[in-house]
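Notes to accompany the following structure.
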Amino acid sequence: MKAVVVRELGGPEVLRVEEVDLPRPGPGEARVRVKAVSLNHLDIWVRAGTPGLPASLPRIPGSDAAGVVEEAGPGAEHLLGREVVLYPALSCGWCRDCLAGRENRCRELAVIGGPLVDGTDREALVVPARNLFPKPPGLSWEEAASFPLVFLTAWHMARVAGLREGETVLVNAVGSGVGSAAVQVARLLGARVLGSAGAAWKLERARALGLEAGVEYGGGLEGFAEAVIDLTGGKGVDVVLDCVGGALLEASLGCLAKGGRLVSCGATASARLDLQHRPLFSKEISIFGTYLGTRGEMQEVLERASDGRLRPVVDRVLCLEEVAEAHRYLESRQVFGKVALRVS
């Protein structure tokens, strides 16, 4: 079968489509004939190398996939022929957190397509049966492959924040995969949704997803917090959902109302922070970190995709052999939503 393989760190040119062995499922496992996959920033970090995230090479990237179960090991026969999407992480299944339904806190958690586990950018994939969920029938293969990681992350962020109907939320980077999902999730939960983006056209496109108003930060962050607070009539936002980190996260703390909550799920801009400590206690601000989400939350968010209340935004679809071009496009920051690869 064909697979994208990273044998050395570097730019998109190091991505190669090669012939690799077809995997066979063992007990409790299923083999999925992959129809489509989608890109995430994790793919870039695995390919290019990131301090603190060293990948063992060679590695097949990719965390999201949708396809059809074509072979099943003992105990997974009920999945044969099913159209499925992938829960994007592997856990031990028996530690205290796993048994309590908090798989994303498992000490042995490994993201599929991360630095230690081969991923989805291939024609067939073997995973534990518990990692497979029914594909929402109203989604195309490319949309289904663009759904799991970003919507699971956004849903978990909103749940950790305790986002309630009537609250005001600031979603940073509304044009990103997580950002475009978070706008929809927050609106579905009944929040007033404000947003930020590096370009005004991304804010305009996000209006169709439920964004009410936003602030563009492409020219710098001076006056960012003041502009957001003006949109709230001087009160500030109740919740910030951030996937960028760095200076934008720091500026977002100044947007929060008293008792506000900031949730961070990533650091695409920078992993370092320089925070002013006093507002944290003087305004009783809470900061939460989140990582993916649970299998239970995966079920919840897929149900809302199945009835049409949530839908991924697919910016561009390419074929598997065009994976290098897909990486270049994602890195160009001209993407709104997700980039998908058609596999079969």
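- What you find for Ile60 and Asp121 is that their closest heavy atoms are CG2-O, 3.8 Å.
- Using modelled atom types, one side-chain atom of Thr120 and one backbone atom of Asp64 make a donor-acceptor pair closer than 3.5 Å.
- The local environment of CG in Asp21 is sparse, with at most 12 non-hydrogen atoms from other residues, nucleotides or ligands closer than 6.0 Å.
- Across every non-hydrogen atom of Leu170 and Ser196, the tightest pair is CD1-N, 4.2 Å.
- Tracing side-chain contacts under 4.5 Å through hydrophobic residues (I, L, V, M, F, W, Y), one reaches Leu194 starting from Val244; they form part of the same cluster.
- Judged by distance alone, with hydrogens and angles left aside, the side-chain atoms of Arg309 form no donor-acceptor pair with the main-chain N or O of Leu188 at under 3.5 Å.
- With sequence neighbours excluded, the residues forming a side chain to side chain contact (heavy atoms under 4.5 Å, CB included) with Tyr291 are Leu109, Val111, listed by chain and number.
- The 12-atom threshold is exceeded at NZ of Lys235, counting heavy atoms of other residues, nucleotides or ligands nearer than 6.0 Å.
- For the side chain to side chain donor-acceptor pair (under 3.5 Å) with Glu18, the qualifying choice from Arg122, Arg7, Lys2 is Arg7, the only one to do so.
- When all heavy atoms of Arg187 and Gly210 are compared, the closest pair comes out as CD-O, 3.7 Å.
- In this structure, Arg82 contributes its side chain and Val68 its backbone to no donor-acceptor pair below 3.5 Å.
- A salt bridge links Arg31 with Glu70: at least one charged nitrogen is closer than 4.0 Å to a carboxylate oxygen.
- Here the rule is side-chain contact (heavy atoms from CB on, under 4.5 Å) with Ile112, and of Leu86, Asp118, Leu149 only Leu86 fits it.
- Within 6.0 Å of atom CZ in Arg328, more than 12 heavy atoms from other residues, nucleotides or ligands are found, so the atom counts as buried in its surroundings.
- Around the CD atom of Glu165, the shell of radius 6.0 Å holds no more than 12 heavy atoms that belong to other residues, nucleotides or ligands.
- Within a 6.0 Å sphere centred on CD of Gln299, other residues, nucleotides and ligands contribute more than 12 heavy atoms.
- Interatomic distance, NE2 of His327 versus CG of Leu318, reported as 11.0 Å (0.5 Å rounding).
- In summary, of the residues considered (Val263, Thr168, Asp238, Leu189), a side-chain contact (heavy atoms from CB on, under 4.5 Å) with Leu163 occurs for Leu189 alone.
- Under a 3.5 Å cut-off, the side chain of Lys283 and the backbone N or O of Leu256 do form a donor-acceptor pair.
- Both Phe288 and Val171 belong to a single network of hydrophobic side chains, linked directly or stepwise wherever heavy atoms of I, L, V, M, F, W or Y lie under 4.5 Å apart.
- Other residues, nucleotides and ligands contribute more than 12 heavy atoms inside 6.0 Å of the CD atom of Glu303.
- Ring geometry for Trp45 versus His41: interplanar angle of 30 to 60°, hence tilted.
- The shortest non-hydrogen separation linking Leu341 to Cys319 is CD2-O, 3.5 Å.
- Both Leu125 and Leu39 belong to a common hydrophobic cluster when Ile, Leu, Val, Met, Phe, Trp and Tyr are linked at side-chain heavy-atom distances under 4.5 angstrom.
- Between the Arg304 side chain and the Glu300 main chain, a donor and an acceptor come within less than 3.5 Å of each other.
- Residues Val174 and Gly195 share a closest heavy-atom pair of CG1-CA, 3.7 Å.
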*Arg342 and Glu142: CA distance, side-chain angles, deciding distance, salt bridge (Lys or Arg N to Asp or Glu O under 4.0 Å) verdict*: CA-CA 7 Å; Arg342 185 177 294 114; Glu142 293 79 18; 3.0 Å; yes
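- A chain of hydrophobic side-chain contacts below 4.5 Å, direct or via other Ile, Leu, Val, Met, Phe, Trp or Tyr residues, connects Leu57 to Ile44.
- Among all heavy-atom pairs drawn from Phe224 and Cys255, the shortest one is CE2-SG, 3.8 Å.
- Connection of Val183 to Trp201 is established within a shared hydrophobic cluster, with ILVMFWY side chains joined at heavy-atom distances below 4.5 Å, either directly or through further cluster members.
- Between the side chain of Asp315 and the main chain of Phe336, a donor-acceptor pair closer than 3.5 Å is present.
- The pair Arg47-Glu331 counts as a salt bridge, with a side-chain nitrogen and a carboxylate oxygen less than 4.0 angstrom apart.
- Between the side chain of Arg261 and the backbone N or O of Val160, no donor-acceptor pair lies under 3.5 Å.
- With Gln184 contributing its side chain and Ala182 its backbone, the two residues share no donor-acceptor pair below 3.5 Å.
- More than 12 heavy-atom neighbours from other residues, nucleotides or ligands sit within 6.0 angstrom of CZ on Arg207.
- The main-chain N or O of Val17 is never found under 3.5 Å from a side-chain atom of Glu321 such that the two would form a donor-acceptor pair.
- To the nearest 0.5 Å, the span separating CE on Met157 from CD on Glu297 amounts to 12.0 Å.
- Arg59 contributes no side-chain N or O that, together with a main-chain N or O of Val5, makes up a donor-acceptor pair within less than 3.5 Å.
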